[in-house]
Participant: 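Just passing along the structure, written as structure tokens.
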There are 2 protein chains.
Amino acid sequence: MSNIREIAKKAGIGIATVSRYLNDTGYVSEESRKKIQKVVEELNYTPNALARAMFTKNSKIIGLMVPNISNPFFNQMASIIEEYAKNMGYTIFLCNTDDDKEKEKNYLEVLQSHRVAGIIASRSQCKEEYTNIDIPVVAFENHILDNIITISSDNYNGGKMAFDHLYKKGCRKILHIKGPKSFEATELRYEGFLDAAKAKNIEIDFIEFQSDFQVEMLEADINSMDNISDYDGIFVFNDIAAATVMRFLKKRGVEIPQEVQIIGFDNSFIGELLYPSLTTINQPIEELGNTIIELLIKLINGENVSIEDYIMETKLIERETTISANLKYEPSI
Amino acid sequence: MSNIREIAKKAGIGIATVSRYLNDTGYVSEESRKKIQKVVEELNYTPNALARAMFTKNSKIIGLMVPNISNPFFNQMASIIEEYAKNMGYTIFLCNTDDDKEKEKNYLEVLQSHRVAGIIASRSQCKEEYTNIDIPVVAFENHILDNIITISSDNYNGGKMAFDHLYKKGCRKILHIKGPKSFEATELRYEGFLDAAKAKNIEIDFIEFQSDFQVEMLEADINSMDNISDYDGIFVFNDIAAATVMRFLKKRGVEIPQEVQIIGFDNSFIGELLYPSLTTINQPIEELGNTIIELLIKLINGENVSIEDYIMETKLIERETTISANLKYEPSI
DNA sequence: TTGAAAGCGCTAACAT
DNA sequence: ATGTTAGCGCTTTCAA
């Protein structure tokens with residue numbers, strides 16, 4: 001692969017001039033421009049971003065750690081962040097942590113060694129590991145350290161809304177399927193749900209799942225719940241888990257929403273595909289993604305960013321797994 | 001961020017020794033090892049992968065282009081490739097092309113400029129753009145150039161199996177919802193399906209969708225199909241589109257599989273979540289992913305790899321959207 | 001306007 | 001067993 005020196009030589013021109021041309025920095029005569037352009041095309045020359053990054057100390061790469069790219073929520077988020085980043089001239093370095101501390105640590109090292117411009121850590125399982133990182137970092141959902149910005153949805157309030165909705169729809173015998181303890185977001189949903197229930201003097205039963213998204217495992221967990229049809233309302237910690245729960249209920253011949261009403265969390269695309277379609281709590285994923293990457297780019301550019309929690313509003317999306325206003329279920333076409 | 005020279009100085013030792021220590025290449029005395037290790041830890045030093053890559057001409061990064069990371073099939077594939085790559089010391093640079101030629105071209109340039117070690121191009125929309133790339137490339141699904149290896153499932157045969165299955169289950173009035181023309185894979189599914197139908201003298205109707213995975217659009221397309229309930233069997237080009245079709249049918253009160261049987265393609269996780277669960281054609285995604293990355297790494301290592309099409313077997317996964325053996329229709333084969 | 005030269009952090013050949 | 005040095009491809013003073 002050719003380099004700048006080769007271009008300069010073939011164009012019969014100095015190396016610095018070529019660099020100026022390539023980066024559009026400083027004067028280059030029309031004559032030189034033409035000569036250079038010609039050679040660049042002939043040799044199919046692409047500047048070496050590595051060398052450039054080494055000098056400028058700006059790699060134009062952003063490391064994005066997600067717990068699991070197969071979770072529809074996180075891959076929608078990745079798409080949004082990627083799109084925005086691309087428009088700002090950054091490319092995304094994607095890392096799948098599987099909610100595994102060791103994997104995350106490992107990736108952190110890789111990202112550091114590649115001198116990425118910034119890091120987005122979603123649902124991080126680490127803390128002190130980030131102490132000596134001198135690359136801008138923003139966190140999504142799980143907090144990392146006091147000096148690292150955390151962005152999240154208002155999960156607590158989302159949990160509250162979920163309860164209030166089920167309650168309003170007449171549910172009194174309610175189950176909550178909660179996420180793993182290490183997920184701050186699902187813990188908050190749980191707390192919000194619980195507090196809202198207490199306010200109405202309703203007792204809530206619980207099952208805790210040990211992972212985010214592993215169909216087989218969820219089915220195993222839930223199969224142990226023999227008395228599941230005792231409930232008239234279930235709040236599941238996210239949409240993908242809700243899909244599994246729905247499938248399980250339908251297999252048992254339980255009618256949704258007539259016998260059991262369901263509410264999920266995320267508003268990921270899967271909720272619309274299910275039948276009946278899933279009532280859920282919306283996380284403003286565009287806003288979330290944009291805020292994350294905006295804040296990170298500000299940090300990268302050395303702009304002043306206030307170190308605080310950035311919390312985006314959640315809202316209820318009413319679909320078919322909860323009973324519609326007239327209490328009579330009807331397909332909507 | 002500190003560099004090797006600084007480490008060497010603080011350890012009171014030569015720069016080359018530090019490099020040898022870091023890369024475990026050549027002799028380093030026990031004494032020196034200790035000194036270096038101490039300083040490395042003190043300064044939280046991580047070698048600069050950029051500088052290293054610049055010298056060794058081996059970036060240890062693999063560029064993975066996918067049409068859409070939100071399609072469950074492609075993100076399962078991305079996970080598999082990433083896992084394998086990681087075990088081989090490579091990291092994945094993820095690029096979302098959205099099946100857009102310009103985006104792909106653009107990413108190709110980015111990957112080139114970062115001197116990635118290899119490129120995986122899924123469902124590429126480009127051809128000549130790859131002519132002058134001197135980085136190893138493997139293609140998934142769509143062919144690019146004669147000298148580029150293509151890996152894919154046996155889509156043609158998969159299409160055939162889909163027809164044969166519907167036919168065996170008694171379907172005679174059959175619709176095929178086919179993918180965009182620019183997807184080689186779905187074209188082959190279509191051809192296989194058609195050929196199998198011809199062999200049985202069955203006429204097939206068609207609808208063509210213009211994109212892979214855009215819920216709204218599919219719904220719009222399908223809404224125009226008023227007579228959809230005339231059919232007793234539908235083959236949809238992939239699972240995610242099949243999910244949309246099922247949702248539409250159920251909204252209309254059409255019973256699946258009693259009135260219409262459905263078969264998808266991919267065997268992505270979504271098929272198991274649907275109710276009834278989706279009969280589909282399995283793409284051996286592990287094998288596909290592993291083959292892709294294995295071949296690419298061989299190319300990177302300069303091993304001899306035969307330039308040909310690598311085609312993996314598909315197979316039928318029978319679930320609930322087609323009628324189980326002992327039900328209803330008498331197969332008339 | 002332009003080019004020569006220094007230097008980004010690293011590796012490897014070579015000399016010690 | 002270790003240190004000196006050249007050079008990977010680039011950008012950017014600085015002098016012409």
Side-chain angles (χ1 to χ4, degrees), chain A residues 1-37 39-40 43-61 89 109-117 134-135, chain B residues 1-37 39-40 43-61 89 109-117 134-135:
Chain A
M1 203 163 283
S2 45
N3 62 29
I4 202 174
R5 220 173 320 265
E6 202 176 328
I7 305 292
K9 204 163 128 195
K10 290 223 178 180
I13 226 167
I15 193 178
T17 308
V18 178
S19 174
R20 273 191 293 265
Y21 166 84
L22 258 21
N23 298 288
D24 201 28
T25 152
Y27 301 106
V28 180
S29 71
E30 201 44 50
E31 202 185 357
S32 303
R33 296 193 106 75
K34 275 184 185 138
K35 282 194 226 160
I36 299 171
Q37 191 171 9
V39 182
V40 163
L43 270 60
N44 194 250
Y45 169 74
T46 328
N48 186 325
L50 264 43
R52 189 176 273 175
M54 202 164 116
F55 188 91
T56 62
K57 310 254 187 196
N58 187 351
S59 70
K60 286 290 185 181
I61 298 181
E109 210 138 295
V110 172
L111 293 176
Q112 246 191 304
S113 77
H114 280 281
R115 304 294 191 263
V116 298
D134 46 8
I135 295 172
Chain B
M1 202 163 283
S2 45
N3 61 30
I4 201 174
R5 221 172 319 266
E6 202 176 327
I7 305 293
K9 204 163 127 195
K10 291 224 178 179
I13 226 167
I15 192 180
T17 308
V18 178
S19 174
R20 272 190 294 264
Y21 166 83
L22 257 20
N23 299 287
D24 201 27
T25 152
Y27 301 106
V28 180
S29 71
E30 202 43 48
E31 200 186 0
S32 302
R33 295 193 106 78
K34 275 187 185 135
K35 281 194 225 160
I36 299 171
Q37 193 172 6
V39 182
V40 163
L43 270 60
N44 194 250
Y45 169 74
T46 329
N48 185 326
L50 266 42
R52 190 176 272 174
M54 204 164 115
F55 186 91
T56 61
K57 311 255 190 192
N58 188 352
S59 70
K60 286 291 186 181
I61 299 182
E109 209 138 296
V110 173
L111 293 176
Q112 247 191 302
S113 77
H114 279 282
R115 303 294 190 266
V116 297
D134 46 8
I135 295 172

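These figures come from a predicted structure and were not determined experimentally.
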Participant: Contact class for B:Tyr21 vs. all strands (heavy atom < 4.0 Å): base, sugar-phosphate, or nothing?
Facilitator: nothing
Participant: Find the distance B:Arg52:CZ to D:dC10:P and express it as a whole number of Å.
Facilitator: 21 Å
Participant: D:dT2, C:dT2, D:dG9: which one has an atom nearest the side-chain heavy atoms of B:Ser32?
Facilitator: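 Given the options D:dT2, C:dT2, D:dG9, the side chain of B:Ser32 is closest to D:dT2.
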Participant: Rounded to the nearest 0.5 Å, what separates atom CD1 in A:Ile7 from atom OG in A:Ser19?
Facilitator: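 Going from CD1 on A:Ile7 over to OG on A:Ser19, the span is 12.0 Å.
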Participant: OH of B:Tyr27 versus P of D:dG3: gap in Å, rounded?
Facilitator: 17 Å
Participant: Using whole Å, report how far CE of A:Met54 lies from P of C:dA6.
Facilitator: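 Roughly 16 Å, once rounded to whole Å.
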Participant: Got a donor-acceptor pair under 3.5 Å from the side chain of B:Arg5 to the base of C:dG7?
Facilitator: no
Participant: Nearest whole Å is fine: how far is D:dG7 C1' from B:Lys57 NZ?
Facilitator: 10 Å
Participant: Looking at A:Arg20 and C:dG3, is any side-chain donor or acceptor paired with a base atom of the opposite kind under 3.5 Å?
Facilitator: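 Result: at least one qualifying N/O pair found.
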Participant: Please state how far atom CD1 in B:Ile4 lies from atom C1' in D:dT2, giving the value in whole angstrom units.
Facilitator: 13 Å
Participant: Looking only at the side chain of A:Ala51 (C-beta and beyond, no hydrogens), which of the listed nucleotides C:dG9, D:dC10, C:dT2 gets closest?
Facilitator: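 So the nucleotide nearest the side chain must be D:dC10.
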Participant: Please confirm whether the shortest side-chain N or O distance from B:Asn48 to OP1 or OP2 of C:dG9 is below 4.0 Å.
Facilitator: no
Participant: Rounded to whole Å, please give me the gap between CG in A:Asp24 and C1' in D:dT12.
Facilitator: 16 Å
Participant: So which atom in B:Tyr21 and which in B:Val28 form the shortest heavy-atom distance, rounded to 0.1 Å?
Facilitator: N-CG2, 3.8 Å
Participant: Considering non-hydrogen atoms only, spot the tightest contact between A:Ile36 and A:Val18 and give its length.
Facilitator: CD1-CA, 3.9 Å
Participant: Roughly, in whole Å, what's the span from CD1 in A:Ile36 to P in C:dG3?
Facilitator: 9 Å
Participant: For A:Asn23 and D:dT11, is the shortest distance between a side-chain N/O and OP1 or OP2 below 4.0 Å?
Facilitator: yes
Participant: Without decimals, in angstroms, what is the distance between A:Ile7 CD1 and D:dG9 C1'?
Facilitator: 12 Å
Participant: Measure across B:Arg115 and B:Ser59 and return the closest heavy-atom pair with its distance rounded to 0.1 Å.
Facilitator: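 What the structure gives for the nearest pair is O-OG, 3.0 Å.
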Participant: According to a strict under-4.0 Å criterion, is A:Thr17 in side-chain N/O contact with OP1 or OP2 of C:dG3?
Facilitator: yes
Participant: Looking across every strand, which nucleic acid part, if any, lies under 4.0 Å from B:Ile13 by heavy atom: base, sugar-phosphate, or nothing?
Facilitator: sugar-phosphate
Participant: How long is the span from the CD atom in A:Glu6 to the NZ atom in A:Lys10, to the nearest 0.5 Å?
Facilitator: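 These two atoms lie 5.5 Å from each other.
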Participant: Under 4.0 Å between any heavy atoms, over every strand shown, what does B:Ile15 touch: base, sugar-phosphate, or nothing? Just pick one.
Facilitator: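 Answer is base: heavy atoms of B:Ile15 come under 4.0 Å of a base.
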Participant: Counting side-chain heavy atoms from CB outward, which of C:dA12, C:dC10, D:dT11 is closest to A:Ser19?
Facilitator: D:dT11
Participant: Which one, D:dG7, D:dT2, C:dT2, comes nearest to the side chain of B:Phe55?
Facilitator: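 Among the listed nucleotides, the one closest to the side chain of B:Phe55 is D:dG7.
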Participant: Please report the interatomic distance CG(A:Leu50) to NE2(A:His114), rounded to the nearest 0.5 Å.
Facilitator: 8.5 Å
Participant: Of the nucleotides D:dC10, C:dA4, C:dT11, which has the atom closest to the A:Tyr45 side chain?
Facilitator: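 Shortest atom-to-atom distance from the side chain points to D:dC10.
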